[in-house]
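Here's the structure we're looking at; comments come further down.
Computed from a predicted structure; not experimentally measured.
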Amino acid sequence: VVGDRAHGLALTETTPGDRATFPKAMDQVVVNFKAYLPDGTKFDDTWARQQPFQFTVRLEQVMLGWDLGVLQMSLGERGMLRVPSALAFGSKGSGKIPPNSDLDFDIKLEQIIRRDKSCMIDNCPPPPPAGPAPSLAAATGAAPAGAAKAEAAVAGATAA
């Protein structure tokens, strides 16, 4: 288990990746995931929709817990990512997500698209078609609450 114990973020590897290629800030990543509420209710599934999710790491396009969690994954890795409420949607909740909910994601890092738009290894699949990527906010109905506040807390904790 890898994570940020101070904030409750945890990643448990279920299938290893290449253990050499990790995303960096400003890389685009393509992931597939199943998202679960604390009671086990699934509220989203990109595999079922056959529509992987793409976002730019550390550009505040997704909840802070995803930005921090994906940075710990190597290419091809699949794991269970536990995102505490403070690094997700906080006290406001979002659509199907009640306030103050920790979230669990069965997530696989499918592709890393470097800033120069080339992949670091030869067998990377081609990037998805150009155009706006769907956001987690669109999938759940709202933007993450408190992302800037949570990020400031993480920055303060790492500076200490």
Next on the checklist: Applying side chain to side chain contact (heavy atoms under 4.5 Å, CB included) to Asp102 and Ser85, what does each step give before you reach the verdict?
Outcome noted: CA-CA 4 Å; Asp102 294 342; Ser85 173; 3.8 Å; yes
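- Smallest separation of non-hydrogen atoms from Leu11 and Glu77: CD2-OE2, 3.8 Å.
- The CD atom of Glu110 lies 13.5 Å from the CZ atom of Phe53; values are rounded to the nearest 0.5 Å.
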Checklist entry - Stepwise, does the side chain to side chain contact (heavy atoms under 4.5 Å, CB included) test hold for Leu81 with Val70? => result CA-CA 9 Å; Leu81 179 63; Val70 167; 5.5 Å; no
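- Atom CG of Asn32 and atom CD of Gln111 lie 11.0 Å apart (nearest 0.5 Å).
- Hydrophobic clustering (ILVMFWY, side-chain heavy atoms < 4.5 Å, transitive): Leu71 and Met73 are in one cluster.
- Take Leu37 and apply the side chain to side chain contact (heavy atoms under 4.5 Å, CB included) test, not counting sequence neighbours, and it matches Asp39, Thr41, Phe43, Ile97, Pro98, Leu103.
- The shortest distance between side-chain heavy atoms of Leu9 and Pro84 falls below 4.5 Å.
- Looking at every heavy atom in both residues, Gln72 comes nearest to Leu68 through NE2-O, 3.4 Å.
- No side-chain heavy atom of Ser74 sits under 4.5 Å from any side-chain heavy atom of Thr21.
- Clustering ILVMFWY residues whenever any of their side-chain heavy atoms sit less than 4.5 angstrom apart, transitively, puts Tyr36 in a cluster other than the one holding Leu87.
- Remark: side-chain polar atoms of Asp67 are paired, donor with acceptor, to backbone N or O of Arg58 under 3.5 angstrom.
- Using a distance-only test at 3.5 Å, with no hydrogens or angles considered, a donor-acceptor pair links the side chain of Gln61 to the main chain of Thr56.
- Between Phe33 and Trp66, the ring planes lie perpendicular to each other; the angle is over 60°, past the 30° to 60° tilted range.
- Summarising the geometry of Gly76 relative to Lys108, their closest heavy-atom pair is O-CE, 3.5 Å, with the distance given to 0.1 Å.
- Ser101 is linked by a side chain to side chain donor-acceptor pair (under 3.5 Å) to nothing, counting only residues two or more places apart in sequence or in another chain.
- A distance-only check finds no donor-acceptor pair linking the side chain of Asp106 to the backbone of Met80 [under 3.5 Å].
- Interatomic distance, CG of Asp44 versus NZ of Lys34, reported as 12.0 Å (0.5 Å rounding).
- Under the rule for a side chain to side chain contact (heavy atoms under 4.5 Å, CB included), the partners of Asp27 that lie at least two apart in sequence or sit in another chain are Pro23, Lys24, Ile112, Arg114, Arg115.
- Nearest approach of Pro16 to Arg19, heavy atoms of both residues: CB-NH2, 3.2 Å.
- Between Thr46 and Gln51 there is no side-chain heavy-atom pair separated by less than 4.5 Å.
- Of all heavy-atom pairs between Ser94 and Phe89, the closest is CB-CD2, 3.4 Å.
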